[in-house]
Amino acid sequence: GAVVSQHPSRVICKSGTSVKIECRSLDFQATTMFWYRQFPKQSLMLMATSNEGSKATYEQGVEKDKFLINHASLTLSTLTVTSAHPEDSSFYICSATAYGEGGEQYFGPGTRLTVT
Amino acid sequence: AQTVTQSQPEMSVQEAETVTLSCTYDTSESDYYLFWYKQPPSRQMILVIRQEAYKQQNATENRFSVNFQKAAKSFSLKISDSQLGDAAMYFCAYRSRTGNTPLVFGKGTRLSVIA
């Protein structure tokens with residue numbers, strides 16, 4: 001099956017700093033990538049949809065200036081949490097899909113962000 | 001907008017027994033995909049099974065099978081011969097067949113397997 005990687009798997013940063021999370025499709029070209037946030041014991045919450053070469057579409061309530069998403073190539077999307085605060089601490093998961101691939105989304109292993 | 005409902009927050013099953021997880025959804029679309037994903041403690045999302053709405057035949061994958069009732073908008077997952085490794089969070093998800101749309105997830109069901 002298709003493989004999606006995420007880096008880093010864990011990151012601890014200080015309040016006020018920015019952190020970048022990378023999502024890569026390793027063996028296929030991802031026309032669309034999705035970013036989710038998951039709180040403990042809860043479901044995945046969609047943050048934004050990014051299509052290669054265009055601006056990301058953010059879900060209602062997600063601050064686009066705080067969560068910067070870039071999808072510069074067909075294999076890489078990045079999520080940058082700017083001026084991070086403790087309430088941004090969460091588990092972030094990306095998924096990728098290729099158009100016409102039977103509807104399946106391929107998930108990265110997730111990134112645990114802790115803001116101190 | 002589509003919604004997915006999982007009415008069982010927690011379920012438990014004896015090892016080697018069979019368990020059924022429930023899922024209902026709401027949509028006005030006629031063609032779509034339905035999925036069950038498993039999320040073990042590692043939190044890696046793993047695809048368990050997929051169903052295409054236009055196919056009447058229920059999908060099966062080894063010990064996993066679904067009961068897809070399109071008219072009732074129901075999509076339950078049956079796990080046969082449950083194993084300790086089946087213990088996880090299970091999410092039912094919907095995806096439109098039109099365009100590259102995101103998955104719509106239910107709230108999940110936590111499955112415990114008792115030895």
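Each chain gets a letter, A, B and so on, in the order its sequence line appears, and its residues count up from 1.
- Using a 4.5 Å cut-off between heavy atoms, B/L47 contacts chain A through its side chain alone, with no backbone atom that close.
- Within the 4.5 angstrom heavy-atom criterion, only side-chain atoms of B/Q39, from C-beta onward, approach chain A.
- At a threshold of 4.5 Å between non-hydrogen side-chain atoms, the residues A/S15 and A/P86 count as touching.
- For the pair B/K78 and B/T20, the minimum side-chain heavy-atom distance is below 4.5 Å.
- Neither the backbone nor the side chain of B/Y32 comes within less than 4.5 Å of any heavy atom in chain A.
- With a 4.5 Å cut-off on side-chain heavy atoms, B/M11 and B/L21 count as touching.
- Of the atoms belonging to A/Q42, it is backbone heavy atoms, and not side-chain ones, that fall under 4.5 Å from chain B.
- Within the 4.5 angstrom heavy-atom criterion, only backbone atoms of B/T101 (N, CA, C, O) approach chain A.
- For the pair A/E59 and A/M47, the minimum side-chain heavy-atom distance is 4.5 Å or more.
- Applying the ring pair (Phe, Tyr, Trp, His ring centres under 6.0 Å) test to every pair with at least one member in residues 40-61 of chain B, sequence neighbours left out, gives no pairs at all.
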